[in-house]
Participant: 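Pasting in a structure now, in structure tokens, and then I'll have a few things to ask.
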2 protein chains.
Amino acid sequence: MRERAIGRLTLYRRTLRELDEKMTHIFSHQLAKMVGVSAAQLRRDLMPIGYEGSPNRGYEVAGLLASLSQHLDGPGSHTVALIGVGNLGRALLPYFTARNPHLRVIAAFDTDPQKIDRIICGCRVYALERLEEVIAAEEIKVAILAVPRDTAIDCAQRAAGAGVTGLLNFAPIPLEVPRQVFVENVDLTMALEKVNHFAQRTVEVREADHTTTD
Amino acid sequence: MRERAIGRLTLYRRTLRELDEKMTHIFSHQLAKMVGVSAAQLRRDLMPIGYEGSPNRGYEVAGLLASLSQHLDGPGSHTVALIGVGNLGRALLPYFTARNPHLRVIAAFDTDPQKIDRIICGCRVYALERLEEVIAAEEIKVAILAVPRDTAIDCAQRAAGAGVTGLLNFAPIPLEVPRQVFVENVDLTMALEKVNHFAQRTVEVREADHTTTD
DNA sequence: GTTAAATTGTGAATCTTGTAACGCAGTTCA
DNA sequence: TGAACTGCGTTACAAGATTCACAATTTAAC
């Protein structure tokens with residue numbers, strides 16, 4: 001399925017989870033508004049998962065939820081490793097732990113001896129040398145990469161070699177991994193600079209508007 | 001200009017900044033590889049900014065850098081506000097401060113009395129009530145929204161009302177702001193779940209491969 | 001049982017994004 | 001000098017995503 005759509009499916013699921021006890025049915029336009037997409041897009045996204053709503057009653061919340069989860073989660077483990085426990089890593093740990101009980105971060109890795117063997121948010125920090133060992137033993141398939149840029153490529157390759165098939169990469173550098181490994185890049189600096197660009201442009205537009213209407 | 005392309009322009013600039021002292025010229029395919037895009041796409045992205053490279057010598061690093069910055073940064077202030085100094089906010093502050101000297105986070109806001117008036121990473125934390133006042137006084141145009149979901153919409157509206165025209169939103173909820181305000185949503189939970197989905201799928205594919213080749 | 005209202009699922013159209021191809025201009029080397 | 005490279009800028013094309021529009025369908029009301 002198309003990548004963007006999968007991302008939105010997770011949003012639908014998250015929203016539905018909160019609705020689950022409040023209502024039994026929901027219309028596409030209602031759910032769409034809560035998530036911030038158009039109703040047409042939501043319906044199109046749902047098409048491939050095969051769950052059908054009924055006209056005049058919409059989707060059954062529980063049923064759609066189950067159907068979404070079945071499609072989103074595979075048969076695998078749903079455990080995650082965090083590589084790099086720096087500033088960002090230490091923030092991501094409680095962030096994900098608090099939000100998603102289904103996806104547990106069960107192992108972290110760092111080179112700092114101060115951090116090794118400590119337990120943060122219920123997650124043990126291992127020495128980076130033990131990356132392959134622990135990932136293989138726990139059969140972890142997903143890793144969050146929050147290491148400095150210079151070590152990112154190496155860490156990614158080692159993780160992939162140990163069996164990881166999905167990477168959430170915060171390092172601003174293209175990773176080099178086998179094609180079957182899925183990589184999602186999150187570049188926060190890029191995002192902020194992009195916002196800045198359009199924010200500045202809006203200032204110009206506003207000023208232009210001002211002068212023309214003046 | 002197209003939104004995706006602007007994001008890539010920031011990547012080109014960032015990479016060029018590091019190259020600036022190492023080499024005077026660079027070819028499109030070299031820079032493209034460092035950033036992780038195709039050479040054709042890079043050249044295409046550069047088209048609208050009007051900077052011309054020369055065949056057989058490529059682009060002049062310093063010149064392209066200047067041209068990029070001129071197009072990316074507007075005439076405005078280049079200052080940023082951080083709204084919400086929780087786990088994520090406290091991590092983002094040093095993250096952005098360390099990485100981008102051009103884009104300075106100069107004000108943070110929170111409701112926690114413990115944090116108010118403290119200075120973190122050279123950035124003062126104000127009471128949330130003073131949001132409008134400080135943003136207007138400092139003429140801040142860009143804000144990072146790292147508050148709990150329930151307060152995000154309200155904070156966004158207040159920021160927009162005070163003159164902010166660009167928002168980097170980490171709250172997993174659609175904001176309601178005037179159309180001219182640019183919003184970039186970063187949903188970390190969605191990103192991780194997306195990675196998980198494709199990681200699990202890869203496991204299936206691998207197993208399928210295994211059985212067929214077996 | 002029939003009608004009316006509302007919503008779904010989906011084909012077609014539109015818009016956006018990425019890729020490939022190609023002419024052109026410098027540069028090098030004979 | 002000119003012939004052959006090499007890489008740039010641009011245009012044309014393909015792929016992908018989003019929106020539009022509407023027939024089909026279900027329920028509620030009468």
Side-chain angles (χ1 to χ4, degrees), chain A residues 1-12 16 19 23-61 63-65 67-68 71 174 179 182-185 187 190 194 197-198, chain B residues 1-12 16 19 23-61 63-65 67-68 71 174 179 182-185 187 190 194 197-198:
Chain A
M1 194 185 188
R2 302 148 299 163
E3 191 177 325
R4 302 288 281 280
I6 291 291
R8 284 192 299 269
L9 289 185
T10 70
L11 302 185
Y12 306 149
L16 284 173
L19 262 53
M23 52 207 298
T24 61
H25 290 78
I26 193 167
F27 295 125
S28 64
H29 63 264
Q30 296 177 306
L31 183 54
K33 178 158 194 187
M34 289 186 231
V35 173
V37 301
S38 72
Q41 182 161 63
L42 185 147
R43 292 202 299 274
R44 180 156 291 276
D45 287 341
L46 292 187
M47 236 196 289
I49 78 166
Y51 185 82
E52 306 224 335
S54 92
N56 252 13
R57 216 177 310 174
Y59 302 94
E60 200 194 338
V61 174
L64 180 53
L65 199 45
S67 214
L68 278 170
H71 265 78
R179 201 169 327 133
F182 178 84
V183 176
E184 172 85 359
N185 293 301
D187 192 322
M190 181 190 94
K194 197 160 109 182
H197 170 78
F198 287 105
Chain B
M1 194 184 190
R2 301 150 301 165
E3 192 177 326
R4 302 291 280 279
I6 291 291
R8 286 191 297 270
L9 289 184
T10 70
L11 303 184
Y12 305 149
L16 285 173
L19 263 54
M23 52 209 294
T24 63
H25 290 79
I26 192 167
F27 295 124
S28 63
H29 62 89
Q30 296 176 304
L31 183 54
K33 178 157 193 187
M34 289 187 231
V35 174
V37 302
S38 72
Q41 183 163 59
L42 185 147
R43 293 202 299 274
R44 198 206 167 94
D45 288 339
L46 293 187
M47 233 196 291
I49 77 165
Y51 183 82
E52 307 223 335
S54 89
N56 252 11
R57 215 177 312 172
Y59 302 94
E60 200 195 336
V61 175
L64 181 53
L65 199 44
S67 213
L68 277 171
H71 264 78
R179 202 172 324 133
F182 179 83
V183 176
E184 172 86 359
N185 293 300
D187 192 322
M190 181 190 94
K194 198 161 111 183
H197 169 78
F198 288 104

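Chain naming here is simple, since letters A, B, ... match the order of the sequence lines and numbering starts at 1 in each.
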Participant: Holding to ring-ring contact (aromatic ring centres under 6.0 Å, His included), I want the full list of residues that pass it with A:Tyr51, two or more places apart in sequence or in another chain.
Facilitator: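 None.
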Participant: Heavy atoms of chain B, cut-off under 4.0 Å: which first and last nucleotide of DNA chain D, 5' to 3', fall inside that, if you could look?
Facilitator: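 Here the contact window of chain B covers D:dT6 to D:dA12.
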Participant: What is the minimum heavy-atom distance between B:Asp187 and A:Leu11, and which atoms define it?
Facilitator: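 So the minimum-distance heavy-atom pair works out to OD2-CD2, 3.4 Å.
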Participant: Using every non-hydrogen atom in the two residues, find where B:Ala32 and B:Leu42 come nearest and quote the distance to one decimal.
Facilitator: N-CD1, 3.6 Å
Participant: Through what angle, rounded to 10 degrees, does the axis of the helix from C:dG1-D:dC30 to C:dA30-D:dT1 turn between its ends, using five pairs per end?
Facilitator: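 Computed from the C1' atoms at both ends, the axes differ by 10°.
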Participant: For A:His71, does its backbone N or O pair with a side-chain atom of B:His197 as donor and acceptor, under 3.5 Å?
Facilitator: yes
Participant: Would you kindly give the CD-to-C1' distance between A:Glu3 and C:dT17, to the nearest whole Å?
Facilitator: 14 Å
Participant: Using every non-hydrogen atom in the two residues, find where A:Leu68 and A:Tyr12 come nearest and quote the distance to one decimal.
Facilitator: CD1-CB, 4.0 Å
Participant: Determine the minimum heavy-atom distance between A:Ile49 and A:Asp45, stating which atoms define it.
Facilitator: CG2-O, 4.4 Å
Participant: Just how far is it from atom CE of B:Met190 to atom OG1 of A:Thr10, taken to the nearest 0.5 Å?
Facilitator: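 Rounded to the nearest 0.5 Å, the CE-OG1 separation comes to 5.5 Å.
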Participant: Scan nucleotides 1-14 of chain C nucleotide by nucleotide, 5' to 3', and note B when protein non-hydrogen atoms come under 4.0 Å of the base, S if they reach only the sugar-phosphate, - if neither.
Facilitator: ----BBBBBBBB--
Participant: Which pair of heavy atoms, one from A:Phe27 and one from A:Arg57, lies closest together, and at what distance?
Facilitator: CE2-C, 3.4 Å
Participant: Hey, could you give me each pair passing side chain to side chain donor-acceptor pair (under 3.5 Å) that has a residue in residues 25-41 of chain B? Not counting sequence neighbours.
Facilitator: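 Output for this query lists B:Ser28-B:Arg43.
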Participant: Mind checking side chain to side chain donor-acceptor pair (under 3.5 Å) for A:Tyr59 and listing every partner two or more places apart, or none if nothing turns up?
Facilitator: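 Side chain to side chain donor-acceptor pair (under 3.5 Å) check on A:Tyr59 returns nothing, list empty.
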